[in-house]
Amino acid sequence: MQITIPTGRYTVDAAHSSVTFTTRFVIARVKGTFTDVSGTVEVAEDPAKSTVSAEIAVNSVHTAVEARDEHLRSADFFDVANHPTARFTSTEIVPDGERYTLRGDLTIRGTTRPVEFDLYALGSGTDHTGTFRIGFRATTRVSRNAFGVNGNVSAPGGPALIGDATDLTLEIQAVVAS
């Protein structure tokens, strides 16, 4: 079933949105969240002409382990002192049935690379306060090394303990821009 999102300009509601990542550590996957996200979504009559821009305050990384969070903020990983934000700007949205392909430029740690998200419109509706909302889910897999997020150690005589492939999931609610 194709979901229709009303046209207009929307701003990301950070309190009801999440940007999460998962990466392999030794034999399991570790999950983290960026809690400070902002952005705009321009929904056009022709979905292919819609645009998305987002910014993440990288120092808002949260993995539920403060020592790990501090290490992720360091120059070994995100280097937030020199690169406090990550950014995404869409370049193309391609409808494909119930999903879309969202292409754009992702900048992390000062390095910009093209990425492609699987994007799903979750719908729209009015909440209990009368605020109109739209919702999306977007997922992709990126190489953290391609963005210069290289921190790692190796097991004695073995492979790197932290995997390169990182899954990103965005659960976004946005409200009409004021």
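Note that this is a predicted model, so its numbers are computed, not measured.
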Query raised in the report: What do you reckon, is CD of E66 surrounded by more than 12 foreign heavy atoms closer than 6.0 Å?
Result: yes

Between [X] and [Y], does any side-chain N to carboxylate O distance fall below 4.0 Å?
X    : Y    : value
R137 : E98  : no
R29  : D167 : yes
R133 : D13  : yes

For a quick check under 3.5 Å, do [X] and [Y] share a side-chain donor-acceptor pair by atom type?
X    : Y    : value
S143 : N145 : no
S53  : T40  : yes
T101 : R103 : no
T33  : T35  : no
T139 : T169 : no
D69  : T63  : yes

**Report entry** Near-ring test F88/F117, centroid separation under 6.0 angstrom
**Finding:** yes

Query raised in the report: How many angstroms lie between atom CG of L122 and atom CZ of F136, to the nearest 0.5 angstrom?
Result: 8.0 Å

Query raised in the report: So how far is it from S50 OG to L102 CG, rounded to the nearest 0.5 Å?
Result: 10.0 Å

Query raised in the report: Does any pair with a residue in residues 29-48 pass ring pair (Phe, Tyr, Trp, His ring centres under 6.0 Å), and if so which ones, sequence neighbours excluded?
Result: F21-F34, F34-F78

Query raised in the report: What residues, two or more places apart in sequence or in another chain, satisfy side-chain contact (heavy atoms from CB on, under 4.5 Å) together with K31?
Result: T22

Query raised in the report: Testing T85, V37, V12 for side-chain contact (heavy atoms from CB on, under 4.5 Å) with E55, which one passes?
Result: T85

